[in-house]
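Report on the following structure.
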Amino acid sequence: LSRGDIVRRGVLATMSDALGRALAGATVVTPNRRLARHLADVHDRAQLAAGLRAWPAAHVLPWTAWIAAMESEAVAAAALPALARLPSHASVQLWRASIAADGTPLLDDAALAASAAEAWEHVHAWGTGAESWRAWAGGEDESAAFARWAERYRGALAALAATDASGAADRVARAAATMPSWRGRHVSFAGFIDMTPQARRVAEALVRAGANVDEVPTVGAPLAPARRAEFASTDDELVAALGWARREVERRPEATVGIVVPDLAQRLVGVRVRASDVLGVPPEGAGDVRSWNVSLGEPLDATPIVGTAVDVLALAWSTLPAGRAAALLRSGFLPGAGGGARESRARIERTWLERGLHRVRVVDAINELRRSEDALAERFESVRMVASRTRRATRHGWVDAWREALRVSGWPGERPLASPEHQAAGAFDGLLAAFAALDATAAARAEIAGDEALALLAELAAATPYQPESPPAPIQIL
């Protein structure tokens, strides 16, 4: 490819000279993972276009990953005390305990705890770095309530010798003066529309420590004027935007088109349906190229492979509605899902309906599977035995029992997993690790019963977004 070809294809047209130089030698920090991946891809394509066959990889990190790496480096150099870093799930549970100490009955304490954790992040990101929430104490309004919870939360962190992600950047800023290895380091902030005061504090601390810090643009001048259009409904607007995006990509195959949906989280299902109607259903096979992608993932428990795992555990330690239990037996992520076994398993739901069985125990599933001589019966018997040995345990103990139950059940099945399924299984494994880490916030690592453990696991799975990594698509719905 000639340089003119590359410019026409947008590889260099969206990358300023300053950004190109930064990608070639600096640590480039972006606001999010999407931009980090995009810039690394732009750098690699530019090197290929220049005729290179090998080159140093661009060091591009999203803000949170960069701060975590800098904090770990400072801890290793004894510039910061070694504190346990609470994962986000554990942090929310600590907020939950701080709120519960008020003794006020709540309709949804989990949602309130998540909101409080988000407010804590904003206080740190946009505050002065001091304990500004204390100015709100002493009243009866929501701000005063947050100040009470924040004091308890901060005290709980201190008691645990722990820290969280919200305060990591300020810890890095405090450590900069005693980190000689950061002197002369080149850091470029790319794509930040408005850097938070916390990010500014980090940048200024690095400059004082002798680092080279700059901000670089990630796009050039606008290539086209803005246009305004009106539609009868938001659905009509979306269909028109999708149609326009399809025509643009068909006209210019090298183009990348973004469609911004302000309320994407609320409209996610409808947006996916409309995109499938207008742009086609995305292929699921390995190596297939997608024409469009939605940036917002579904809850982790909405993926079939994870839903199967959660239902296996629920059936083992509790009960499932008959319809959900029947769907579990038909799941492709359990052994013997193909051929005649699938048909015989499908008939089990009718048997339960005829008996008027509304909730199913694992022994009910085992009995019906044995009637059809299904080998899954013995696997579920092994699951039942695992469950019978564990009735109360710490969160770490529950994770050990759940892993064993899933192993003997044969999950995730016999066929090779597609890439999105493999990633979802990995994300679920990470969720189990995060669940085990909740012991750090539990008083004396108290044991809990199975129903409570399963409810908390289901809550975390529903609250964890899942977005599989995939090759870049020409149409991005954001």
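Both backbone and side-chain heavy atoms feed into the values below; hydrogens, waters and symmetry mates do not.
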F333-W411 aromatic ring centre distance below 6.0 Å:
no
Indicate the ring-plane relationship of W136 and F146, choosing parallel, tilted or perpendicular according to the 30° and 60° boundaries.
tilted
Any side-chain donor-acceptor pair under 3.5 Å between D451 and W317?
no
More than 12 non-hydrogen atoms from neighbouring residues, nucleotides or ligands closer than 6.0 Å to CZ on R152, yes or no?
yes
Looking at D41 and R37, does any basic side-chain N land under 4.0 Å from a carboxylate oxygen?
no
Would you please classify the geometry between the W66 ring and the W63 ring as parallel, tilted or perpendicular, with 30° and 60° separating the classes?
tilted
Charged N-O contact under 4.0 Å between E447 and R395:
no
Does the pair E368/R345 count as a salt bridge with the N-to-O cut at 4.0 Å?
no
Can the ring centres of W120 and W95 be said to be less than 6.0 Å apart?
yes
Tell me if the CD atom of E354 is crowded by more than 12 foreign heavy atoms within 6.0 Å.
yes
Basic-acidic side-chain contact under 4.0 Å: R361, D364:
yes
W402 vs F435 aromatic rings, parallel, tilted or perpendicular, using cut-offs 30° and 60°?
tilted
When you look at Q423 and S419, which way does the side chain to side chain donor-acceptor pair (under 3.5 Å) test go after all the steps?
CA-CA 6 Å; Q423 292 179 60; S419 176; 3.0 Å; yes
With a 3.5 Å distance limit and no angle check, can you tell me whether R370 reaches the backbone of A377 through a side-chain donor-acceptor pair?
no
Strictly below 4.0 Å, N to O, side chains only: are E73 and R185 in salt-bridge contact?
yes
So, taking the atom named OG in S166 and the one named NE2 in H122, what distance separates them when rounded to the nearest 0.5 Å?
10.0 Å
